[in-house]
Structure formats: C-alpha cells, structure tokens
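Below: the structure, in structure tokens.
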Amino acid sequence: MTSYATSKPHFRFAPSPNGALHLGHAYSALLNHGLAKKTGGNFSIRVEDIDTTRCTPALEAAMFDDLTWLRLEWQKPVMQQSKRFAIYQQALDKLIERELIYPAFMSRGEIKKHARVEPNWPHDPDGAPLYPGLEKNWDKPTCTEAIASGTPFAWRLDMEKALTLFPIEGAKDWGDVVLARKDTPTSYHLSVVIDDAAQNISHVVRGLDLKAATPVHLLLQNLLSLRSPCYFHHRLVLDEEGAKLSKSNKATDLKHLRDEGATLDDILERIDWDESELETLYQSLIIQST
Ligand code: GLU
C-alpha cells in the first residue's frame, strides 16, 4: 500500500445534483480547489447522484455551469455514482456474505412509532430514531422468504457486530445505519467510502454538517479494507439569520445570484473568503500528513 504522505494529494468536491448549488457549495469547492493548487495536488468533482429520481441531468448541467463560472478546473473524466451501482453491489455482497448487514423491514413510520412508545429511545446525530434491529434474530430461511415476498426493505449494518471488529469511536451513535435499499444497492455512506478509495482521495475537506458521519465512514473503510483519507470539516456558510443554507433558497442560489449580476468577487465577499483561512488549513494538512 502506498502512503498518502508520499503520493500526490487528491482533493474532491462531491455534490449531489438534487437542487441548485448555493454559496456553501461555492465555499467548499473553492477551498478544495485552492488546497489542490497549493499542495500541487489534484482536484476532482464527483457527481453523487445515487438518488436517480431527485438528481436530474438538467440540475447536473446547471451544477457544472456554476463550477465553470467559479473558474474551477477539475480532472476528467468525472466520476458519476449512478454509473457505479454494480461496484456498490459487489461490496454489499461481501458484507452480506460476512453477515455484517441484515435486511430490515420496518418503514420510517414504524420506527418512529416504535420510538414513541419506548421511554428515552436513542436518536442518531441527525435526529432520527435508531433502528430497533428486530430482524437480527431471524434465521436465513425467514430472511429469504421476507425478501422474496417483495416487501420493501433496507440493508442495515449490524453496528454491534461491526464495532466488535473495529471499535471506531462515535459510530455507535448512528445505530444500524442503512447501507442499501431493496432497489438501490447503495447509500450515501457506502458509495462515498468506496469512491473516495477508488479515486485515491487523500484529503476529504467537507462541511461540519458531515462531521458526525465520519466515524461511520471510518468503520466502513475498515470493514471493506479500504484506505482512510485525512478528514477536515470546514465552517458552514450561513444565511443572514444564521441558519444553514438550503438548496431551495433562491437568495443564496449561485445561478440566481449570477443572473442578478453578481461577480465572482461578490460571491467571495458573501462567503467571507479569506486567503489566510486557506493558508491555515493548508498548514494544518501539511502537519497531519507528515
Ligand atoms: N454528496 C454530499 C452532499 O452533497 C457530500 C458528500 C461528502 O462530501 O462526503 O452533501
């Protein structure tokens, strides 16, 4: 295995084209692009479009227009997750074989109902009630029969079992996370770790809103024998009220701002872009990788 410390750094920006890019995306993309330049490394865009109903070709095209307008340059070809379902399926099959995941049949509504009647039922860092994992005791024929019946289900990680192999701190908070669904052989967590490894990403620089998910990613990397990149979680760009930006808010949507005549400098001002912030991050990455 080569070490990231001795190979060229590789940064990425991995948006989901399920809505318009906003100022927060601009900040994240510019930060990764800037770090790649400073380190003499590579910068890639990855299209995270596993949700093939909400991600559309029109949104994807608009996303690339925005990124070009931001004067970013990235490696080609661009990796597109919707083309990689067969690869995710292979990883999933390995986890099934090792009995690290199990088919879970409770719907979101049923999980909520279950949580409501149990006192102090735990919730994950995103606020969703943890899965009770009732199916973990099912024997193989019962599972096979339930899958064959056509009822929707999700493949969930047996967190307890996974943590006995790799006790990663913080992963437990997520409980038995969904790694795939009946008709989609992957989830954000599964594809992001497979693709960061496939693209040889050395540094994942993304928003603080994804920090809590990182232990799940470290755990999956261990389970799948994938190399772990260095992680850094950057500040979030907030709106005037101090709230997190959303893809449906026109006021912070890049295309909308451009159409209103905003220049690149206006965008940099809106995101409080500061070269010294990039320099500080660069210095901390250098220290981490040596
Ligand atoms: N696709 C994710 C998003 O748009 C980001 C994934 C990541 O940076 O790990 O929120």
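Atoms within a ligand are numbered from 1 in the order they appear, just like the ligands themselves.
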_Any side-chain donor near an acceptor of the partner, Arg206 and Thr214, under 3.5 Å_ =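 Thr214 and Arg206 do have a side-chain donor-acceptor pair below 3.5 Å.
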**Message:** Applying salt bridge (Lys or Arg N to Asp or Glu O under 4.0 Å) to Lys140 and Glu99, what does each step give before you reach the verdict?
**Reply:** CA-CA 10 Å; Lys140 264 223 170 89; Glu99 297 184 359; 3.3 Å; yes
Output the list of atoms in ligand 1 that are nearer than 4.0 Å to some heavy atom of [X], sorted by atom number.
{"X": "Ser16", "answer": "1 (N), 4 (O)"}
{"X": "Glu48", "answer": "1 (N), 2 (C), 5 (C), 6 (C)"}
{"X": "Val192", "answer": "9 (O)"}

Problem - Contact with ligand 1 for Tyr188, non-hydrogen, under 4.0 angstrom - result: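 In this structure, Tyr188 qualifies as a contact of ligand 1 - some heavy atom is under 4.0 Å.
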field: Close approach, His217 and ligand 1, non-hydrogen under 4.0 angstrom
entry: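 No heavy atom of His217 comes that close to ligand 1.
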Please say whether the positively charged group of Arg235, taken as NZ for Lys or CZ for Arg, lies over the ring of Tyr27, i.e. under 6.0 angstrom from the six-membered ring centre and within 45 degrees of the axis.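 Checked: cation-pi criterion met.
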Under 3.5 Å: donor-acceptor pair, side chain of Asn32, backbone of Ser28
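Such a contact is found between Asn32 side chain and Ser28 backbone.
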- Task: Indicate yes or no for a side-chain donor-acceptor contact from Thr39 to the backbone of Ala36 under 3.5 Å, with no hydrogens or angles considered.
- Result: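 Such a contact is found between Thr39 side chain and Ala36 backbone.
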Discussion item. Just to verify, which of Asp195, Asp196, Asn42 counts as forming a side-chain hydrogen bond (donor to acceptor under 3.5 Å, both in side chains) with Arg12?
Written reply: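 So, applying the side-chain hydrogen bond (donor to acceptor under 3.5 Å, both in side chains) to Arg12 and each of Asp195, Asp196, Asn42, only Asp196 qualifies.
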Note the single closest protein heavy atom to [atom], along with its residue, its atom name and the distance in Å.
{"atom": "atom 8 (O) of ligand 1", "result": "Arg12 NH1, 2.7 Å"}
{"atom": "atom 10 (O) of ligand 1", "result": "Leu210 CD1, 4.4 Å"}
{"atom": "atom 5 (C) of ligand 1", "result": "Ala14 O, 3.4 Å"}

